[in-house]
Structures are given as structure tokens and as C-alpha cells.
Amino acid sequence: MRRIRTAFVAFAAAVICADASPSLAHDRTTHGKLMHEEAAQIRVDPDYKPPDPASLGGSWDLVDHNGNLVTDKNFRGKWMLIFFGFAGCREACPGALMTMGEAIDQLGPDGKAIQPLFVDFSMEEPDYLGLAQFVSNFHPRMIGLTGDRKQTFQAVRKFKVRREYAMTNFSSKETGPRINHTTYIYVIDPEGRTRGYFHDSLPVEGYVDEIRYHLARYEAEERQ
């Protein structure tokens with residue numbers, strides 16, 4: 001029994017190390033920790049290199065909470081903040097989206113050029129009304145996105161988002177199944193390029209700081 005448990009722990013650690021991402025912005029922090037929804041920090045391989053933001057994202061097509069087909073090209077000319085999760089989430093998702101909305105408001109005029117997006121990757125039958133009600137809790141301009149399995153999987157794969165159903169003793173009757181997942185906010189520039197990503201656990205000041213950093217960097221590049 002002890003051997004089985006030891007083997008399982010080793011296997012789990014290997015999976016986590018293989019799928020981990022930095023806990024803060026890719027190019028602005030040291031890596032080595034991954035924070036799960038349960039707020040537990042697990043030490044990972046210090047030699048792990050997180051993916052370059054430029055390698056994440058790309059073209060995608062989903063359906064918004066009004067039932068309209070949208071693609072990444074619909075948001076050209078605007079910055080995007082994208083968070084992946086599921087509307088039945090009662091842990092990381094509400095906190096991340098609430099902080100995202102507060103950060104956009106604190107950015108003042110700069111915040112008006114940013115489109116907050118929430119991608120529901122539950123891959124279940126779309127509930128547009130439920131999704132619309134969910135995102136309305138966090139910011140009046142936030143758009144909820146969903147889609148069929150093919151559309152959703154395509155977006156999840158392009159951003160290398162981890163999602164896995166968790167084994168739990170809690171009832172799923174009211175909120176549906178629990179899904180452990182990557183909890184990063186992806187920053188996309190007006191040309192559709194992923195500029196960076198940071199962890200949802202940052203305080204609102206951290207969100208604002210990260211966003212301003214990418215805005216300033218983009219503007220500096222445009223002036224060159």
C-alpha cells in the first residue's frame with residue numbers, strides 16, 4: 001500500500017510539473033510555484049520554463065452570452081483580458097472576475113479600451129441566460145463566451161489551459177461538477193497577440209500594475 005501511495009504521489013508531482021505555469025506575469029517574476037484553486041502552493045521543478053506568451057492564443061471562434069458567434073477578430077483594436085473557468089465555479093472564478101472588473105475601473109480612461117472576457121469551458125450544453133447572469137455580477141462590459149466541444153477545446157488548447165474534473169465528496173447537485181483548472185489572466189493586445197499572463201491571486205493593485213506594464217510596453221513599441 002505504501003509503495004502504491006508513493007508511486008501515485010510521484011506521478012501526480014510529474015503531471016503538475018509538466019503542466020505548471022508561472023504564478024505571476026511570465027516575464028516579470030521568478031517561477032517555481034503553482035497555486036491551485038484551493039490556494040495551496042506546490043513547489044515545482046525550478047528548471048521549468050513557462051511558455052512564451054507569444055506562443056499562446058491565436059485565432060478562435062466561440063459564442064457570446066447573447067448567442068452570437070464571435071471570433072478573436074471581433075476584438076481587434078481593443079485590449080482583451082481573458083479568463084477561463086466555468087459558471088458553476090464557487091472558488092477562483094468569482095474572485096478573479098471580481099478583481100478583474102475592479103482593476104478595469106481603476107485604470108480609468110485606459111480601462112475603457114480593455115474588453116474583459118470570460119470563457120466557460122465546461123463543454124456542456126450552453127446556458128446563455130445563466131452565463132449572462134454570471135458575468136453581469138463582475139463588470140457591465142464583461143462578455144461571457146462558450147461554445148460546442150470543438151470550439152471550446154480549440155480555445156483551451158491554444159491557451160494551454162489545464163482543466164480536469166476533480167474527485168470530491170461534495171454534492172454537485174446545486175453547482176454542478178467541480179473542475180480544477182489553470183487560473184491565469186491572459187493579456188491580449190489590440191493586434192490579437194498574447195503579451196503576458198498573470199495569476200488570479202494578485203490583489204487588484206497587482207492586476208492594475210501588470211496591465212499598465214503591458215500597455216506602456218506596447219505604446220513604446222508602437223513609437224519606435
Side-chain angles (χ1 to χ4, degrees), residues 25 37 57 59-147 151-152 155-156 159 161 174-176 179 181-216 218-219:
E37 280 190 290
S59 61
W60 47 262
D61 61 276
L62 293 164
V63 182
D64 68 18
H65 61 246
N66 293 313
N68 301 313
L69 179 66
V70 296
T71 74
D72 58 294
K73 294 180 176 60
N74 286 95
F75 303 101
R76 287 293 183 272
K78 287 187 176 182
W79 285 83
M80 290 183 280
L81 292 180
I82 304 179
F83 184 81
F84 290 81
F86 60 109
C89 179
R90 295 296 180 268
E91 298 179 57
C93 300
L97 297 176
M98 181 69 73
T99 309
M100 183 190 294
E102 293 175 358
I104 289 174
D105 288 339
Q106 287 193 20
L107 284 165
D110 287 337
K112 295 180 180 179
I114 299 174
Q115 176 60 61
L117 300 172
F118 170 69
V119 181
D120 187 321
F121 58 28
S122 59
M123 298 190 188
E124 298 178 354
E125 186 69 24
D127 176 8
Y128 300 122
L129 179 59
L131 182 57
Q133 292 174 338
F134 181 70
V135 297
S136 70
N137 292 312
F138 309 110
H139 196 274
R141 291 194 293 104
M142 186 172 292
I143 296 176
L145 300 174
T146 184
Q151 291 171 314
T152 306
V156 166
F159 282 91
V161 174
E174 293 184 5
T175 61
I179 307 174
H181 60 90
T182 302
T183 56
Y184 301 101
I185 289 84
Y186 299 89
V187 184
I188 318 298
D189 73 19
E191 297 176 36
R193 300 173 299 185
T194 303
R195 307 291 296 198
Y197 47 90
F198 56 89
H199 198 267
D200 73 297
S201 63
L202 290 177
V204 64
E205 296 80 10
Y207 279 53
V208 171
D209 179 60
E210 293 294 339
I211 296 168
R212 285 196 188 282
Y213 168 79
H214 291 295
L215 291 176
Y218 177 79
E219 291 176 0

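Numbering of residues begins at 1 and proceeds along the displayed sequence.
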**OP:** Could you tell me which residues satisfy ring-ring contact (aromatic ring centres under 6.0 Å, His included) with F159, sequence neighbours excluded, listed by chain and number?
**Re:** F84, Y186

Subject >> Listed partners of W60 passing ring-ring contact (aromatic ring centres under 6.0 Å, His included), at least two apart >> reply: none

Original post:
For D105, which residues count as a salt bridge (Lys or Arg N to Asp or Glu O under 4.0 Å) partner, sequence neighbours excluded?
Top reply: none

Original post:
Are the side chain of N66 and the backbone of N68 linked by a donor-acceptor contact shorter than 3.5 Å?
Top reply: no

Original post:
Any salt bridge (Lys or Arg N to Asp or Glu O under 4.0 Å) pairs touching residues 74-84, not counting sequence neighbours?
Top reply: D72-R76

Subject >> Set of side-chain contact (heavy atoms from CB on, under 4.5 Å) partners for E205, sequence neighbours left out >> reply: P203

**OP:** For E191, enumerate each residue passing the salt bridge (Lys or Arg N to Asp or Glu O under 4.0 Å) test, keeping only those at least two apart in sequence or located in another chain.
**Re:** R193

Subject >> Residues which pass side-chain contact (heavy atoms from CB on, under 4.5 Å) with T99, listed by chain and number, not counting sequence neighbours >> reply: V204, Y207

Original post:
Which residues pass the side-chain hydrogen bond (donor to acceptor under 3.5 Å, both in side chains) test with S59, sequence neighbours left out?
Top reply: K158

Original post:
What heavy-atom pair brings T183 and A92 nearest, and what distance separates the two atoms?
Top reply: CG2-CB, 3.6 Å

**OP:** Sequence neighbours left out, what passes side-chain hydrogen bond (donor to acceptor under 3.5 Å, both in side chains) with D61? Give chain and number order.
**Re:** Q151

**OP:** Start with the C-alpha gap between V161 and Y184, add the side-chain angles, then the distance that decides, and say whether side chain to side chain contact (heavy atoms under 4.5 Å, CB included) holds.
**Re:** CA-CA 9 Å; V161 174; Y184 301 101; over 6 Å; no

Would you be so kind as to tabulate the donor-acceptor pairs closer than 3.5 Å made by side chains of residues 108-121, with sequence neighbours excluded?
from: D110; atom 1: OD2; to: R212; atom 2: NH1; distance (Å): 3.4
from: Q115; atom 1: NE2; to: R141; atom 2: O; distance (Å): 2.6
from: D120; atom 1: OD1; to: S122; atom 2: N; distance (Å): 2.9
from: D120; atom 1: OD1; to: S122; atom 2: OG; distance (Å): 2.8
from: D120; atom 1: OD2; to: A87; atom 2: N; distance (Å): 3.1

